[in-house]
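Below is one structure, written out as structure tokens, with a few remarks after it.
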Amino acid sequence: MAADARPSAGHGLLLVRRPPAAVGRWLRRGLVAATVAPLGRWTGVTVAEQLARSAAPYDVALEVLAARPVPRAACPAIGMFALDGRAIVTLQPGGVRRTQHWLVWQPRTGVVETPSLPRLGLSALLGAAGAGSRGPDVAGVLRSGDGEPLDVLVTVLGLLGLPGEELLVRGHCTGAADIEPGARGVLAFDRLVADEAQHRAEWEAAWGEPVPGREREVR
């Protein structure tokens, strides 16, 4: 696929600490067609297509990539995504506590609260990127509501000293390769989601209430 065709897939970047070959094996077990590139100490990943191979509602490739847990050996993993008119920064830290944390920026507002998602603190982001001295600069950009989501992501990426701007903006870069997800894994995922939906519908029809633990479920 030509590099100038990639932006139609959206703008996203996942930086992981594993060689491209290992990242490729992980992506083949996933749900999205992706583009992978070696970026020094990091490997960069972006989506190659706008839609994931899985069925709705899990068919938005950027959302699927942003939410997918990264293997422990590939952490820390830093994600940057332009989604629904917002800039989203994610961190999956290394160590025992590997809960993914989220920072959501909105035009004319700056950083917004995300009650249903663990919030990403600036110090954790700076530590994962190895950019502790750039804290005030990054904080200033995130506090401001000026600019568009992609511009904010590019600025933060640069301030953190992280690679991957071309992959984030254009969806391609020198040395990049495309990775296809395995069809069997996608089919298994769709079957699991369909089975859970059927179980939920049967429960609600029988008991007239949501399945326990599902009341706060969000897409």
Side-chain angles (χ1 to χ4, degrees), residues 10-19 22-23 25-27 29-32 34 36 39 41-47 52 54 57-84 86-106 109-132 134-135 138-139 141-143 149 152-153 156-157 159-162 164 168 181 185 188-189 192-193 196 200 210-219:
H11 299 284
L13 174 68
L14 179 65
L15 294 171
V16 298
R17 287 293 189 90
R18 290 289 285 169
V23 175
R25 290 191 293 271
W26 173 67
L27 289 168
R29 298 192 298 270
L31 305 174
V32 304
V36 179
L39 300 172
R41 296 185 303 154
W42 300 87
T43 293
V45 180
T46 192
V47 297
S54 45
Y58 303 104
D59 59 341
V60 180
L62 281 176
E63 292 180 2
V64 173
L65 180 61
R68 186 181 178 191
V70 170
R72 184 187 302 273
C75 292
I78 299 173
M80 298 197 178
F81 305 90
L83 276 168
D84 298 328
R86 296 178 172 186
I88 298 174
V89 182
T90 66
L91 173 64
Q92 297 183 51
V96 177
R97 296 184 178 180
R98 299 180 55 244
T99 301
Q100 184 166 4
H101 289 74
W102 304 72
L103 185 152
V104 180
W105 179 96
Q106 183 171 294
T109 303
V111 175
V112 298
E113 295 297 326
T114 55
S116 63
L117 298 171
R119 183 168 178 176
L120 171 57
L122 183 58
S123 60
L125 176 61
L126 294 169
R134 304 308 302 269
V138 176
V141 172
L142 295 174
R143 277 196 302 266
V152 169
L153 292 174
V156 170
L157 189 73
L159 289 173
L160 293 174
L162 294 172
L168 172 63
F189 177 84
L192 176 62
V193 171
E196 288 186 346
R200 189 158 54 245
V211 177
R214 300 280 188 172
E215 294 87 346
R216 299 183 179 180
E217 199 174 69
V218 295
R219 177 179 171 183

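Sequential numbering from 1 along the given sequence is applied to the chain's residues. Just the heavy atoms: all of them, side chains too, but no hydrogens, waters or symmetry mates, feed the values below.
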Step-by-step side-chain contact (heavy atoms from CB on, under 4.5 Å) determination, Leu14 to Arg68: CA-CA 10 Å; Leu14 179 65; Arg68 186 181 178 191; over 6 Å; no
Residues Glu63, Asp84; criterion side-chain contact (heavy atoms from CB on, under 4.5 Å); working and verdict: CA-CA 10 Å; Glu63 292 180 2; Asp84 298 328; 4.1 Å; yes
Ile78 vs Leu125, side-chain contact (heavy atoms from CB on, under 4.5 Å): CA-CA, chis, key distance, verdict: CA-CA 8 Å; Ile78 299 173; Leu125 176 61; 4.2 Å; yes
From CA spacing to verdict: side-chain contact (heavy atoms from CB on, under 4.5 Å), His11, Leu153: CA-CA 10 Å; His11 299 284; Leu153 292 174; 5.9 Å; no
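Between the CG atom of Leu103 and the OG1 atom of Thr114 there is a distance of 8.0 Å, given to the nearest 0.5 Å. Atom-to-atom distance recorded for Leu65:CG and Leu13:CG is 9.0 Å, nearest 0.5 angstrom. If you take CG on Leu31 and CZ on Phe189, they are separated by 5.0 Å, rounding to the nearest 0.5 Å. Here CZ of Arg134 is found 10.0 Å from CG of Leu126. Values are rounded to the nearest 0.5 Å. For the atom pair CG of Leu142 and CG of Leu159, the computed distance is 9.0 Å after rounding to the nearest 0.5 Å. Atom CG in Leu62 sits 9.0 Å away from atom CD1 in Ile88 (nearest 0.5 Å).
Residues passing the side-chain contact (heavy atoms from CB on, under 4.5 Å) test with Pro149, sequence neighbours excluded: Ala82, Ala87, Trp105, Pro107.
Formation of a donor-acceptor pair under 3.5 Å by the Thr90 side chain with backbone atoms of Trp102 is not found in this model.
The closest side-chain heavy-atom distance from Pro69 to Gln100 is not below 4.5 Å.
Between Leu160 and Ala131 the shortest heavy-atom distance is O-CB, 3.5 Å. Contact between Pro71 and Trp26 at its shortest, heavy atoms only, is CD-NE1, 3.4 Å. When all heavy atoms of Ala128 and Leu91 are compared, the closest pair comes out as CB-CD1, 3.6 Å. When every heavy atom of Ser54 is checked against every heavy atom of Asp59, the shortest pair comes out as O-CB, 3.3 Å. Nearest approach of Ala139 to Leu122, heavy atoms of both residues: CB-CD2, 3.6 Å. The two residues Val45 and Ala34 have their closest heavy-atom pair at CG1-CB, 4.0 Å.
With Arg18 as reference, Val23 is the one residue of Val23, Val70, Thr43 to meet the side-chain contact (heavy atoms from CB on, under 4.5 Å) rule.
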